[in-house]
Amino acid sequence: MRHWLMKSEPDVFSIDDLAKVDIEPWSGVRNYQARNFMRDDMREGDGVLFYHSSCAQPGVVGIARVASAAYPDPTQFDRRSEYFDAKARRETPRWMLVDLRFERKLAGPIGLTELRAQPRLSDFALLQRGNRLSILPVTRQQWDVILGMESPRRGH
DNA sequence: GCCAACGTTGGC
DNA sequence: GCCAACGTTGGC
């Protein structure tokens with residue numbers, strides 16, 4: 001099983017939104033590298049760190065699972081969608097997506113500054129200079145380190 | 001194929 | 001709102 005980090009702007013779609021719908025098709029990715037991760041490398045059941053970006057408190061806020069194989073992003077064919085792509089053809093879809101399933105929120109968010117302060121995450125793609133990718137691979141070790149930073153639940 | 005211009009991302 | 005970094009576009 002592989003692990004991933006996926007960014008979302010909470011003003012647009014937050015971890016609470018994912019909790020409400022339970023399963024969400026991850027439409028709108030229009031970056032080839034991110035698409036390739038979904039199309040070529042993701043498998044149902046892969047673990048996903050759900051990350052809030054472009055907000056007051058950027059950081060990992062929850063865990064999701066990849067809940068489907070990759071399939072064509074329907075918004076690329078929808079003229080009314082902001083993600084419409086006039087060059088996409090149904091026979092040769094350009095953009096692929098996977099479904100995400102909510103697993104749980106973290107006991108507390110793990111902020112970007114906390115992640116940066118963890119020496120064992122110095123190689124983490126999220127923390128590299130100039131990184132803008134919305135989908136990033138996470139190693140098993142990084143996954144364990146990050147979840148080990150989760151603040152303990154009250155009463156345990 | 002080069003590269004300048006432009007648009008987007010995302011932290012601060 | 002600013003700005004660095006990066007991807008994409010399009011003229012040549």
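Below, chain A is the first sequence line, B the second, and so on; all start at residue 1.
- Sorted pairs that involve residues 110-142 of chain A and meet ring pair (Phe, Tyr, Trp, His ring centres under 6.0 Å), not counting sequence neighbours, are lacking altogether.
- Within residues 50-61 of chain A, the residues that have a heavy atom under 4.0 Å from DNA chain B are, in order of number, A/Tyr51, A/Ser53, A/Ser54, A/Pro58.
- Residues in residues 43-56 of chain A take part in these side-chain hydrogen bond (donor to acceptor under 3.5 Å, both in side chains) pairs, two or more places apart or across chains: A/Trp4-A/Asp46.
- Applying the salt bridge (charged side-chain N to carboxylate O under 4.0 Å, His left out) test to every pair with at least one member in residues 71-83 of chain A, sequence neighbours left out, gives these pairs: A/Arg30-A/Asp73, A/Asp78-A/Arg80.
- Looking at residues two or more places apart in sequence or on another chain, you find a ring-ring contact (aromatic ring centres under 6.0 Å, His included) between A/Phe13 and A/Trp26.
- For residues 13-23 of chain A, the side-chain hydrogen bond (donor to acceptor under 3.5 Å, both in side chains) pairs, not counting sequence neighbours, are A/Ser14-A/Asp17, A/Asp16-A/Lys105.
- By the ring-ring contact (aromatic ring centres under 6.0 Å, His included) test, A/Tyr32 is found to be paired with A/Trp95, residues two or more places apart in sequence or in another chain being considered.
- Pairs engaging residues 55-66 of chain A under the side-chain hydrogen bond (donor to acceptor under 3.5 Å, both in side chains) rule: A/Arg65-A/Glu103 [sequence neighbours left out].
- Scanning DNA chain B 5' to 3' for nucleotides with an atom closer than 4.0 angstrom to a non-hydrogen atom of chain A gives a first and last hit of B/dG7 to B/dC12.
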